[in-house]
Structures are given as structure tokens and as C-alpha cells.
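No hydrogens, no waters, no symmetry mates; every other heavy atom, side chains included, goes into these values. Just so we're on the same page: letters track the sequence lines, and every chain starts at 1. In this text, all values refer to a predicted model and were calculated from it rather than measured experimentally.
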Amino acid sequence: MKVAIAQISSILGRVDKNLDRHLELIEKAAREKADLVIFPELSLTGYSLQDLVPEVAIRPDCSEVMSRLLVASRNIDVVVGLVEERKENPGIFYNSAAYLSRGEIAHLHRKVFLPTSGLFEEGRFFASGREFRAFPAGSNRVGLLICRDFLHYSSSYCLLAGGAGLIIVISAAPGRGVLNEESQGFESSRNWELMGQAISYFSSAFVIYCNRVGLENGVTFAGGSFIYNPDGQLLFKAPYLEDDFSLREIDLDLIRKARKNRPYKRDDRPEVICYSLGRLLRKQDED
Amino acid sequence: MKINCQLVTRALTNFIKEESYKAGFERNIIGLSGGLDSTVCAYLAVRAVGPQNIFGLIMPFKDYDQEGVQLAEEICCLLGINFEKIDISPQVEAYFSGHPAEQPVLRGNKMARERMSILYDYSARLKAMILGTSNKSELLIGYGTIHGDLACGINPMGDLYKTQVRQLARYLGVPEKLLSRKPTAGLWPGQTDEDEIGFSYEELDKILFKLVDERLTPDEAIKTGLEEKKVRQVAELIRKSEYKRKMPPIAKLSERTVGHDFLYPYDWGK
């Protein structure tokens, strides 16, 4: 399987211009025979939206923007980041990731963990998603996560329990920390790399992380997208801070091999986890 | 507190280039004093957009800092950037001849605002974005003139402590004679920042780093071995100068008010 990672910047609040760039890159990826092209978190809108959120929201069931992306996804799978508003829930906005395949929306993941502290204020403008669910796409089982979702390891666990062999993380992670003199990138990039390595190895799954670049309001997005294979080995690393469009072949058979050699998936006991969490929650209620 | 100079340079040159471009400017303008902050800023700007797109303004008051003026001219020549020297004495003196003031702070503020006014005029004439040169140490203790040297289009230097600016200056190849100069705001002949603030930038930055970056309370910072009197003094300076780091409060009346809940990003549509 050939994967394209579009480590790009977006124009804040300009869905029209961002859509053009998406269509251009989807076409490019398809021309280069990629099976899947991945864009960063909120790639259609930009990240620091504040009161722009309602203005740039997309209704997946009737949006012209979505129709054009779906047409572009007939021959190549596409992951994009968008502000989603649902028909059945108007006025409620989600920071979402859409997996488009064969001209249809295969899955929509709504970001669950909305960072709302320090320089982050997502909880002021977005509603929180309520589920992590692995889904089928072609012959794969895929899981989608958005940025902070990935730093809570329980999210990836749900995808492992759901059988995902491909964990796709789209991100708009700002770079922070410049005191490490050895590092090529910001110190905060380490969070993602550490988790990427651990989750890929212990889930026996590919972890594909697509982070954005560029600046918004003085904040630099760190880039440094990567792919870890199911053995926890780094397969690809995009440069920090720079625009990048790269293609990599990933060998899906490695998922099978890894799960055969290290049967974490086979030996997983989601019912025990579920029971333990259920008990914990009931006990908390009693307290 | 040592920084990764290569990474910082990359981030800051990207910042200058991208934020200026997004605001519709291809060029940048900097007020140059011959001090470290404005010099480092000029070095970064030249790396970001090239010397042909940088304009330096040197704005002396009388002969208060002749050495600084000379160094600023040397830096412009060294970097190959166009510059102009504008003596601000006539307009500042014209004002004070009608409204005399002896306090150096009043005179210094007026000078800083005169320079700001010229920078904004040149910004419009040359269609050039003003680069601010206030560093993190100054911003945090409020050592700057509101609507004076604190005013700018964008500020690449504001998240670097003075001691980190010094480290970056070495990395960028700023001449040694500039590095060894005592920092001065040029408020009167022979004035130095450190005499006026009451302690060295090394001491100040260590305290600020504990209080701000490490989020320690003053009591916790004192327990790490820092001098109590100085820690309390710095904490108080930070508190008292918050107004210099904010837009002025707007009296809220309606459901949606600028500055309160009319919330749009600075880079809106860019």
C-alpha cells in the first residue's frame, strides 16, 4: 500500500482556497499511484479559528466542498480535517477527521479530547466526540485520531481492541520548547514520537502521524510527520517546520507477522478492561 | 536556559517571512540603536527576507549614545541594508521647550514615542512591516515605553530572554564589540539598563525563568536558592506591568464586545 502524507499549512478561515490545494494534492497523489493521502487536523479551515468555527463548518451530507472531495476520492482514499456540523444536531460543531473512500464517507471521527489550557482553547468552540471506533477500509481496519486524542493512550487502546492495523493521527501540534541543543525540532515533538513508537509496537499496527506546518498568530506548527511500522520501527520522518509531500510504500503483511510473533492483540482482554473501567466508574459514582 | 540556536533561527526567520507576507508586506523596517536586540533582529531579518528587503532607521537624540549610532551604521553596512539616520532632537526639544520636564523617564518616554511615530510613518511610506525588538526580560518586567519601543507590527524577539539573545547573537556572528557593550536604553548619556533595574540580566533572567517558564510561585523560587528580595521585586514588577502587555480594557455593555467575546484570530483569512 502506498501512502502520501501532505504536511502542509492552511489559510485560516479560507475553505475555498484550502479546498483547491487539497484537490491539487489529491490529484498529485493519485498520479503517483498512492492508495491513500492524508492531510493534517482542520486542514480545510486552519486551526486557530475561534469565532470563525460556525462560519467554516461543513455539513457532510449536503456540502459542496464535501461533494468535490468525494469525487476526488473515487480512485484514492483521502483523510481530511474539517469543522463538522451534523444535520441532526445543528449549531453543534466538531473538530472532525473524515476518511473518504470510493466516493463515499467511510468514517467520521469527532475529536474526543479537546485541549483547553495554556494556548489551547478548543473546548470553548467545539463539542467533544463520544467514540473511538476502528472501521473497515478496503482490506484494512483503520482507526482515526485527532492530535491530542493520540496523547491519551486509552484512545489507541480502543482502536487496538477494534482490530485496527492502521492508526492514522492527524494533527495541528504547535512547536514548543527550544532548550534542547541536540534536537532538530521543538521539544514538544518528542511527545508524538514517543507515543508513536510505543503504540505502533504494542498494537502491532502502523501509526501514521500527519502534522501541519506554517504559522498562525505567531505560533509555529512543528511538522515532523512520521510512520512507525508494527515493529515500532521508524519508516518515515518528514522534516520539522517545512512543507512536505512524501510517499511511502507500507507492507501490510507486517501487521500479520508482528501479531503472530508478539500476540498482544490475541491475548487482549477487552472484557476485563471494560469490567474494570465499569467498576471504577460505578465506584466513583458511589463516592 | 541555553537555547538551540539553529532551531530558534529557523523558527524566527520563518516567523518574520510568513507573518510579514501574510499581512501584505514584502519588506521590513527596524529601528536600530546599536544595541544587541535590534542588531540580532536585523541579522534574523536579513536571513529571512534578504538585505534588499530590510530598511534600518537610526534615530539618535543629541549625542546621548554616539557609540550606539556608530555601531548601528556599521551593522547596516556589514549586513548590506539601506538605512537612514534621523535626528529626533528638534521635535523632542520643541516639545520640552514649551513643557519642560527634568525627570529622565518623561524625557525617555517622549523620545521612544518620537521614534515609534517615525517608524510608523516610514512603515507606510516604504510599505514595510515594523519588527519589534523587545525581548522577554523587558516585556515581563515592563521595561519599555507603552506606545513607544513596545509598539511594532510583529515581534520576533519577545520569547527570548536577554541572556538568550546574547547567545543567539554569538551564533549569528554579531561582532564582539557589540556583545561586550553594556545594554542601554539611551535615556541619558552613560545610562545602563542593569544600573537602572538594579541587578544584572543574568540574575533577572534566572528569576524570570523560574517564575514564568517553570511556573514556580515566588516562595518556591526562593527555596531553589534565589535571593528573596530580588524574587519578590521581580514578581511585583511582572504584576504591575501587565497593562503594558495587553490591549486596554473595553467597557462591556452589549452581548458581543470587541476584546471580550468578539474572538477572531490575528491571522484571519491569511
Side-chain angles (χ1 to χ4, degrees), chain A residues 8-18 42 45-56 117-126 172 174-190 212-224 239-243, chain B residues 1-24 48 129 131-132 136 139 152-161 163-165 167-168 170-171 205 209 212-215 245 255-270:
Chain A
I8 58 166
S9 175
S10 298
I11 300 169
L12 194 50
R14 291 296 302 268
V15 177
D16 53 344
K17 288 191 177 176
N18 294 324
L42 293 172
T45 61
Y47 178 73
S48 321
L49 292 162
Q50 300 186 305
D51 280 355
L52 286 170
V53 163
E55 299 172 31
V56 298
S117 66
L119 81 158
F120 302 104
E121 46 184 9
E122 289 181 38
R124 291 183 76 180
F125 303 100
F126 290 111
R176 286 167 293 158
V178 292
L179 298 183
N180 182 345
E181 292 186 86
E182 304 302 313
S183 170
Q184 296 283 309
F186 285 96
E187 286 164 68
S188 52
S189 293
R190 175 86 180 118
R212 65 163 287 183
V213 288
L215 279 128
E216 284 178 4
N217 315 324
V219 172
T220 297
F221 295 96
Y240 294 111
L241 276 65
E242 277 171 34
D243 238 68
Chain B
M1 283 179 61
K2 275 196 154 184
I3 50 165
N4 177 334
C5 288
Q6 196 185 358
L7 175 63
V8 166
T9 301
R10 223 172 129 193
L12 295 182
T13 49
N14 277 351
F15 169 80
I16 292 169
K17 197 162 43 181
E18 196 170 322
E19 294 292 4
S20 304
Y21 172 78
K22 285 200 283 198
M129 167 76 98
L131 297 182
K136 192 170 182 176
L139 287 175
C152 62
I154 54 171
N155 179 353
M157 311 295 294
D159 204 12
L160 290 171
Y161 289 112
T163 44
Q164 294 173 327
V165 174
Q167 191 199 336
L168 187 61
R170 286 206 176 85
Y171 171 80
D205 289 356
F209 190 78
V212 177
D213 293 66
E214 295 188 353
R215 297 175 187 251
R245 295 182 288 273
E255 288 292 339
R256 206 166 177 219
T257 311
V258 172
H260 292 279
D261 37 27
F262 177 79
L263 300 171
Y264 286 88
Y266 187 87
D267 282 344
W268 186 354
K270 295 170 188 167

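Dense packing is recorded around CZ of B:R256, with more than 12 heavy atoms of other residues, nucleotides or ligands lying under 6.0 Å away. Around the CZ atom of B:F262, the shell of radius 6.0 Å holds more than 12 heavy atoms that belong to other residues, nucleotides or ligands.
Between A:Y240 and B:L7, the closest side-chain pair of non-hydrogen atoms is not below 4.5 Å.
The minimum heavy-atom distance between A:S9 and B:E18, with the atom names listed, is OG-OE2, 4.4 Å. Contact detail for B:A11 and A:F186: the closest heavy-atom pair is CB-CZ, 4.0 Å. Taking each heavy atom of A:N217 and B:P265 in turn, the nearest pair found is ND2-CB, 3.7 Å. Residues A:Q50 and B:Y264 share a closest heavy-atom pair of OE1-C, 3.0 Å. Closest non-hydrogen pair, A:E181 versus B:Q167, comes out as OE1-NE2, 3.8 Å. Scanning both residues, A:L215 and B:N14, for their nearest heavy atoms gives CD1-O, 3.5 Å.
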For B:I3 and A:L179: C-alpha separation, side-chain torsions, deciding distance, then whether side-chain contact (heavy atoms from CB on, under 4.5 Å) applies. CA-CA 4 Å; B:I3 50 165; A:L179 298 183; 4.0 Å; yes

For the pair B:L263 and A:E121, evaluate side-chain contact (heavy atoms from CB on, under 4.5 Å) and give the outcome as yes or no after the intermediate values. CA-CA 11 Å; B:L263 300 171; A:E121 46 184 9; 5.8 Å; no

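Annotation: maximal heavy-atom pairing with chain B below 4.5 Å, among A:S10, A:G214, A:G177, occurs at A:G214. Of all the listed residues (B:Q164, B:Q6, B:K22), the one sharing the greatest number of non-hydrogen pairs under 4.5 Å with chain A is B:K22. Of the residues considered (A:T220, A:L52, A:N180), A:L52 shows the highest number of contacts with chain B, using heavy-atom pairs under 4.5 Å.
Only the side chain of A:F125 comes within less than 4.5 Å of a heavy atom in chain B; its backbone stays farther off. For B:K270, the part lying near chain A is the backbone, with the side chain staying farther off; criterion is any non-hydrogen pair under 4.5 Å. Contact of B:D261 with chain A is made through the backbone alone, with heavy-atom distances under 4.5 Å. Looking at A:E55, the atoms closer than 4.5 Å to chain B (heavy atoms on both sides) all sit in the side chain, from C-beta outward.
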